[in-house]
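Report on the structure given below.
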Amino acid sequence: MTSIAKILIVDDQAQTIQHVRALLHDYGYLTQFITKPEYLFQLLDKEAIDLILLDINMPQLDGFTLLEQLQNHPQYSDIPVIMLTADQRDSILSQCFEKGARDFVTKPISPLVLQARIQSALATKHYAHHLEQKAQEKTLESERINEKLQQEAEEHKKTEKELTKLVTAIEQAEASILITDKEGRIEYVNPYFEQLSGYRLEEVKGKNPNILKSHQHDVPFYKDLWETILNNKIWRGQIINKKKDGAFFTVEMTISPVKDDLHNITHFIAVNKDITEKLALEQQLRHAQKMKAISVLAGGIAHDFNNILFTILGNAELLKHLYHDKEEGKEHIDAIMEAGRRAQTVISQLLTFTRSQETPHRPVDIVSTIEDSLQMARTILPANIEIRQNLDSDSPFVLGNKSQLQQAVFHIYINAKEAMADKQGLLDVTLQPVEFKTAPDNIYGISRGSYVHVAIRDTGKGIPVHLQEHIFDPFFTTKGVGGTEIGPSKEGTGLGLTGVYNIIRNHKGGITVESEVAINGMHESSGGTTFHLYFPTIENGLPKMNLPIKSTGKIQKISTPLENKYHILVAEDEVQLAKVYRSTLEEYQVTLCQDGHEALEMFRNSPKAFDLLLTDQEMPKLTGIQLSQEILKIRPEFPIILVTGYSDQITEDNFKEYGIQQFFLKPLDSDELLDAIQSIVSSKEE
């Protein structure tokens, strides 16, 4: 009958001894222990010990010194010793073998590794005893037997080293590894699994992997997974799991069946690679590309449509001027102009949702901006929704447009209202400065630097994970599928969160969303959505803003027109608009050109014949900017008025950098144009 091995634990840490004794007891070993290494030989004199687990780092007598004493003792030198160490440096591990230890186990101790190495050491000891017996029985064959056994021992040691390498690789792998029996009960998880999921081995051992279930996949998904692996096939795919703290994470998973020599399944091994951040970045990149395409489309629509509106409104103003003393037809003209202005507003709103449209940015007190928005929110939120705010009053200013910032957060308040309809809810708004030492991986468009972080949280229904990547798409809504209503009110255009996204991006900021769907009508904390908004702060004080100077009122027209004296060169490729210009500027001498190239040639031929250039921006052959640059080379102080239906190059903030004196977006009021020309005329006369 094989006797039960007795193992001695030498360690000054009582907690470690208690943990190891429990493990050894589970594996069927007898144990003895001492916490003071100087009593080792006294105990060995009294009890027969089959193997020693010896800690390296002890205060009174270190493990290596004690190991040397054992090796030099004639009675106890054959007892196998396994060193325990928390120091995993190669130099320390090498010393274990150099000083005579049979093996080592690193802390924290893996039960599987400890069991394997104890069995190996005891087996090696058994082989050594077997050698001695054979040597006594067959003296004449001792050398041959010894050589053979040494070869076997070397092969065993080689196999053991390979096993050690394999175990080390699994424990240090940058992937989550999980091993179950054929019934799906967890037997082993590596440290990366613990780091990723939040569960320790002791918490999941013997349980089913469905403790990670996120309820984001349907029954057929899991049915296909199990059918695949039970048929001796490898399953590969992406799966959304839930951590111990409730957070979701996505992994690329490979599940492989492990088979014995008879090809029967004994275990399953799952290798998971965390791709949560990768998917978030890909989603944000796709959205940025999508919004860029929308921006280009909106810009093209705005340019063409504003030209059409300019023609309509310009001719309507001319008709109104002709019929100013007649009631007949005036009502119809006013209706045309009102419809045109409404169309102009729609185009302006459309451009708000493109990154290309620039608006004047000034220093903004973001704290007071959010406070004002919450006061307005109180008027639209029902009494069942509580508002809480925690705003750091010392937060620095940001550079932006206050009305747009309020518009952005207000859209989020409206979504929160819809999410918490007919239930007690909470709208929680926090604001505080943050500093990113490096560019955060999970926030698209954010670089390192100082930011103000605004978090807007509701306790509503939440947004399902598979819909979150679409919430910033134009006209997208989750209404009717159990989540928050995305977008503006029922009377809106469906551009609500698209507008929020682009306002944030126009302010060089970033936006992310976190959401959890409430399940089975559970209490409010089980669901909700948080929008995280980041705005770059103004550093090194408040900069001086170089903003365009705008007229504070109408400039009266000159009482006596400068007939045939003030000569305006007009470059406009739209024939109908050119006609409007000719009629509007009837008080002046006007020369019309259908493109920038024709206007430039005419100016070069007679540079002193003209007093002002009125040009469109988007024209064939030469743009308005290119035409202006060429004319300013000839006459550097020449006054220029540039008009455009849409441009991503020139804005109200930068037009003076090109030498342009006045800048207008189409459609513009004829009086506004005449006032601008009159202002230039008056300044020239002075």
Side-chain angles (χ1 to χ4, degrees), residues 349 352-353 359 362-398 400-434 451-463 471-472 477-479 483-504 506-507 509 511-518 523-535:
Q349 290 176 345
T352 301
F353 306 113
T359 55
R362 297 176 175 83
V364 175
D365 182 354
I366 187 66
V367 176
S368 65
T369 299
I370 298 300
E371 287 176 340
D372 292 346
S373 72
L374 287 171
Q375 288 182 0
M376 292 187 291
R378 184 70 277 174
T379 64
I380 67 162
L381 295 179
N384 62 294
I385 296 179
E386 176 189 357
I387 296 179
R388 293 180 191 170
Q389 65 181 61
N390 183 13
L391 311 181
D392 187 340
S393 59
D394 293 329
S395 296
F397 280 45
V398 302
N401 182 290
K402 182 173 182 178
S403 63
Q404 285 196 359
L405 292 176
Q406 288 186 336
Q407 176 188 350
V409 297
F410 214 78
H411 272 301
I412 298 176
Y413 299 160
I414 292 173
N415 289 333
K417 172 189 174 184
E418 296 292 337
M420 297 183 287
D422 303 325
K423 61 176 284 189
Q424 289 295 321
L426 170 66
L427 179 66
D428 187 8
V429 181
T430 62
L431 183 151
Q432 61 184 357
V434 294
Y451 291 81
V452 172
H453 173 209
V454 180
I456 305 173
R457 179 177 69 90
D458 68 58
T459 56
K461 302 174 183 177
I463 309 170
I471 62 173
F472 297 116
T477 178
T478 62
K479 189 73 170 180
T484 308
E485 169 134 348
I486 304 301
S489 62
K490 296 178 180 179
E491 292 78 16
T493 60
L495 295 170
L497 283 182
T498 308
V500 172
Y501 176 88
N502 285 284
I503 288 172
I504 304 305
N506 284 345
H507 284 74
I511 181 171
T512 63
V513 62
E514 294 178 295
S515 191
E516 181 179 355
V517 177
H523 56 82
E524 61 184 26
S525 63
S526 64
T529 301
T530 303
F531 285 90
H532 298 276
L533 284 57
Y534 300 87
F535 303 100

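- Remark: Lys417 engages no residue in a salt bridge (charged side-chain N to carboxylate O under 4.0 Å, His left out) (not counting sequence neighbours).
- Between Lys461 and Val517 the shortest side-chain heavy-atom distance does not fall below 4.5 Å.
- Using a 4.5 Å heavy-atom threshold, the side chains of Phe535 and Leu405 count as touching.
- Nearest heavy atoms, Gly460 versus Asp458: N-OD1, 2.8 Å.
- Here the side chains of Pro396 and Val452 are in contact, with some heavy-atom distance below 4.5 Å.
- Using a 4.5 Å heavy-atom threshold, the side chains of Leu391 and Glu371 count as touching.
- Listed by chain and number, the residues in a side chain to side chain contact (heavy atoms under 4.5 Å, CB included) with Glu386 are Arg388, Leu426 (sequence neighbours excluded).
- Listed by chain and residue number, His532, Tyr534 satisfy the ring-ring contact (aromatic ring centres under 6.0 Å, His included) test with His453 (two or more places apart in sequence, or in another chain).
- Judged by distance alone, the side chain of Ser515 and the main-chain N or O of Ile463 form a donor-acceptor pair under 3.5 Å.
- Two residues are said to be in side-chain contact when any heavy atoms from C-beta on lie closer than 4.5 Å; Thr529 and Glu514 fail this criterion.
- Each of Val500, Thr512, Ile511 was scored for a side-chain contact (heavy atoms from CB on, under 4.5 Å) with Phe531, with one residue passing: Ile511.
- Here the straight-line distance linking atom CD1 of Ile412 with atom CZ of Arg457 works out to 14.5 Å at 0.5 Å rounding.
- In plain terms, the two heavy atoms of Gly425 and Thr459 that are nearest each other are CA-OG1, 3.4 Å.
- Just one residue in the list Ile456, Leu533, Val409, Thr430 forms a side-chain contact (heavy atoms from CB on, under 4.5 Å) with Ile370, and that residue is Val409.
- Between Arg378 and Ile385, the closest heavy-atom pair is NH2-O, 3.1 Å.
- Inter-residue side-chain proximity for Lys402 and Asp372 is flagged as met; some heavy-atom pair is nearer than 4.5 Å.
- Among all heavy-atom pairs drawn from Phe410 and Ala377, the shortest one is CE1-N, 3.7 Å.
- In this structure the side chain of Phe397 never reaches within 4.5 angstrom of the side chain of Val364, judged on heavy atoms.
- Looking at heavy atoms from C-beta onward, Tyr451 lies out of side-chain contact with Pro433 at the 4.5 angstrom threshold.
- Of all non-hydrogen atoms in Leu427 and Ala416, the two that sit nearest each other are CD1-CB, 3.9 Å.
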